[in-house]
Amino acid sequence: MIEDQDGAQMKLGVWKLLGVAGLAGVAATGIIIARDERQRANLTPEQVRARLHERFAEAERESR
């Protein structure tokens, strides 16, 4: 199938848009992961232990 110049440019524009959207998604995921890591790094061992105990207790309640 032979396409004219406008059709080829339109396809190229769609691919560029998809590429930019993909890069934005990767960047947003990286930002979320970095934020989560910073929050986790700020916890003391006692806080981590307390959170784990809370989550375990909640999981036990939900499984009953």
Side-chain angles (χ1 to χ4, degrees):
M1 179 175 196
I2 300 173
E3 294 184 12
D4 60 358
Q5 187 68 18
D6 292 334
Q9 284 184 353
M10 186 171 162
K11 281 188 176 182
L12 182 61
V14 170
W15 283 111
K16 283 184 179 181
L17 181 62
L18 287 173
V20 170
L23 288 175
V26 169
T29 302
I31 290 169
I32 292 169
I33 290 171
R35 182 182 63 195
D36 186 46
E37 289 293 324
R38 279 196 309 273
Q39 288 174 348
R40 197 173 313 142
N42 289 333
L43 296 176
T44 65
E46 291 80 19
Q47 290 171 322
V48 172
R49 191 174 301 111
R51 287 178 66 185
L52 287 173
H53 284 293
E54 289 171 10
R55 289 173 58 191
F56 180 74
E58 182 180 327
E60 278 191 330
R61 284 190 303 267
E62 289 178 0
S63 68
R64 291 181 186 177

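Start at 1 with the first residue, then count along the sequence.
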> Which hydrophobic side chains are connected to L52, either touching it within the sub-4.5 Å cutoff or through other members that do?
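Joined to L52, directly or through intermediates: L43, V48.
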> Please tabulate, for the side chains in residues 28-37, all donor-acceptor contacts under 3.5 angstrom to protein atoms that are two or more places apart in sequence or on a different chain.
residue	atom	partner	partner atom	Å
T29	OG1	G25	O	2.9
D36	OD2	R40	NH2	2.4
E37	OE2	R40	NH1	3.1

> Just how far is it from atom CZ of R51 to atom CD of Q47, taken to the nearest 0.5 Å?
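The CD atom of Q47 is 8.5 Å from CZ of R51, to the nearest 0.5 Å.
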> Share the residues that join W15 in a hydrophobic cluster, the rule being Ile, Leu, Val, Met, Phe, Trp or Tyr side chains under 4.5 Å apart at the heavy-atom level.
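Hydrophobic cluster check, W15: joined to V14, L18.
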